[in-house]
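In what follows, a single structure is set out as structure tokens and then discussed.
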Amino acid sequence: DSADFDEEIKSVCPFCGVGCQVSMKVKDGKIKHVEGINGPANEGRLCVKGRFGFDYINHPHRLTKPLIRREDAPEKALNVDPENWQEFFREATWEEALDKAAHGLVDLRSYYGGSAVAGFGSAKCTNEEAYLFQKFIRQGFGHNNVDHCTRLCHASSVAALMENVGSGAVTATFNEIENADLAIVIGANPTENHPVAATYFKQFTKRGGQLIVMDPRGQGLKRHATHMLQFRPGTDVALLNAIMNVIVEEKLYDRNYIEGFTEGFFEFRDHIRAFTPERMADLCGIEAEVIRDVARRFADANRAMIFWGMGVSQHIHGTDNARCLISLALLCGHVGRPGTGLHPLRGQNNVQGASDAGLIPQFLPDYQSVKDPEVRELFRHIWRGTEISPEPGLTVVEIMDRVYRGEIKGMYILGENPAMSDPDVEHARKALGQLDHLVVQDIFLTETAMFADVILPASAFAEKSGTVTNTNRQVQVARQAVQPPGDAREDWAVLVEMARRVGLDWDYDDPREVFDEMKMSMRSLHHITWKRLEAESAVTYPTTGPDDPGQPVVFGDGFPRRAGRAKFTPARLTPPAETPDDAFPMILTTGRQLEHWHTGSMTRRATVLDAVEPEANCSLHPSTLRKLGVAPGGMVRLTTRRGTVEVMAREDRAVSPDMVFLPFAYVEAAANILTNPALDPFGKIPEFKFSAVRVEAV
Ligand code: SF4
């Protein structure tokens, strides 16, 4: 009943890249209830996270005052109790904390040079905050060593899309599945990770659409799929090349489309001939006839889409995996028309927007290369004389390696948690402990903040305003509903104070002023104004004019590449960086669960979500549990070349007998203690989806 609330504020869910619009009902300065409203991506729907996951913002662990590490604090380590931190930190005024935070970075810059300092921003922040953060590092420290969690999620997809299509964003919204006849979902688990998008996928099958799910794990969409290809982990290229081999050999491709809109076909055709279904079947574990059937269906479909997730991207061959998906769509002309397209399902709520805003080491806003002198000149003009370094910066894992080697001595980390999210995380934790100066800006005393010298208390999604961009390229306004607790401040405002203290002449009074500056360099925001966003609630970029709501499908008349043509790039077979052997005979794969979000700092403090999934767990096939002599609910020990965790085992027929799945949200059984830091050479993304592991009964 509306009489039960003082206010109703419309905003955007802070969790996944679907970007569901929500209405927050506020009473006495607190959010009491959240429900879905009619946003373009969700049309009133929400999943359990969006509906029930908001009360973490009132959790007693919230940081309400700036904290400074005590001089007599114990050695930096993962050893701080969030309820009993006084042994390690003392409260400080904002003046003292900001001075100490900024001057520590300035001292390193003066003594060692700007490259001694690096920055991690966040895909949980707004576009304006992401823009300010990358500007802070580039303008304040003279290099491009600034990155965020896209590196751990879709960097390889973006590398392949930029190379072959000319743009890193989706070519069609996921809602376009309503116009498709067939869809492939590969290496993605939307019922858990993009639940509202999954509702569109299920409805698509209900009206007769063919849904082909390809994944080494059985998963929630399996029961809606017309075809389920449970292929062997790490054999994506073998399976996809075999599908394309059938399309090429049987001449099922769209000749007119290939001639009109692509380049590199003949070289690609010659390459693909070796990958017959018969040769690839044993490798990928899918029968040749099934591969032929799927290939013919995809080629025969009038309109087909391809969706993928981190099962594709988080491999040392992640870029090759994505290249295959792009080639598959190009072969059959399934791009640029309603009901067709390429859609990497984005993970965090604003990972698309943060990447668009330039929070990546090789690109300035809107993917404009730091190597391009004209681009640097544009930013020199907008940023009042700042010289941009022409050297692409270091990525997340590379930065942590340099920290470990003592070459980077100071970091500013905004809303990221590398002490949980980096591969081989004990390495990252050691590196964080070695830093001379670490500034962490966050809403909780995260595992990363435990290593900080200064902690700046920040704001949760409902406590600030700004724009965010979802997986569909839809720019939306997130609105402030309540005040940050205690002395916590909005992130953009903290960034402005930090910038002034490192000597930058920033004078923003409002996120809108930041947005207006972003528009000066970002063509994607052409015709999009803050006023318009407030009035229309969302605009899909690119938009052709002030009255155009934006284009759900792009590239119907060519691609943003040379001569308007997309490119076929052949992909070769690359084995995983480590393969099972006698010592580590099984395969570990990691990921998310419906109720928990990433490193768990928010959702494990949300009452309902924590009640539903309170305990660290892994999934093992019933036959594996029997062999181990472990009953469901018993404990197992997982060991890789990096480390060991002990965790409760669940019986799960969705994983194959040689596989274990471990979610990465639980600090008490941190999956990334086990994962392999080997990187894809193009996207620099770690191989989270494949490690050799030994599983034992405890
Ligand atoms: Fe939030 Fe994603 Fe769930 Fe929508 S689908 S409510 S954006 S977590």
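Just follow the structure's listing: the first ligand is 1, and inside any ligand the first atom is 1. Since this is a predicted model, take the numbers as computed values, not measurements.
Near Gly19, meaning under 4.0 Å from one of its heavy atoms, ligand 1 places the atoms 7 (S). Of all the atoms in ligand 1, the ones that sit under 4.0 Å from a non-hydrogen atom of Cys13 are 1 (Fe), 6 (S), 7 (S), 8 (S). Against a heavy-atom cut-off of under 4.0 Å, Gly50 is close to the following atoms of ligand 1: 6 (S). Of all atoms in ligand 1, listed by their number and element, those nearer than 4.0 Å to a heavy atom of Val196 are 4 (Fe), 5 (S). Taking every non-hydrogen atom of Phe15 and a distance limit under 4.0 Å, the qualifying atoms of ligand 1 come out as 8 (S).
Annotation: Phe174 is not in aromatic contact with Phe307 [ring centroid separation under 6.0 Å not met]. Proximity of the aromatic rings of Phe664 and His598 is defined here by a centroid distance below 6.0 angstrom, and this criterion is met.
Atom 1 (Fe) of ligand 1 has no N, O or S atom of Cys20 closer than 2.8 Å.
Within the structure, the closest approach of Leu46 to ligand 1 falls below 4.0 Å when heavy atoms are considered.
Side-chain N/O atoms of Gln474 and Asn472 include a donor and acceptor closer than 3.5 Å. In this model, no donor atom of one side chain and acceptor atom of the other lie less than 3.5 Å apart for Ser465 and Gln480. Residues Thr603 and His596 bring a donor and an acceptor atom of their side chains to less than 3.5 Å of each other.
Judged by distance alone, the side chain of Arg62 and the main-chain N or O of Ile57 form a donor-acceptor pair under 3.5 Å.
Between Arg512 and Asp510 there is a salt bridge, since a side-chain N of the basic residue sits under 4.0 Å from a carboxylate O of the acidic one.
When hydrogens are left out, the protein atom nearest atom 2 (Fe) of ligand 1 is Cys16 SG, 2.3 Å; that is the closest non-hydrogen contact. Residue, atom and distance of the protein heavy atom nearest to atom 3 (Fe) of ligand 1 are Cys47 SG, 2.3 Å.
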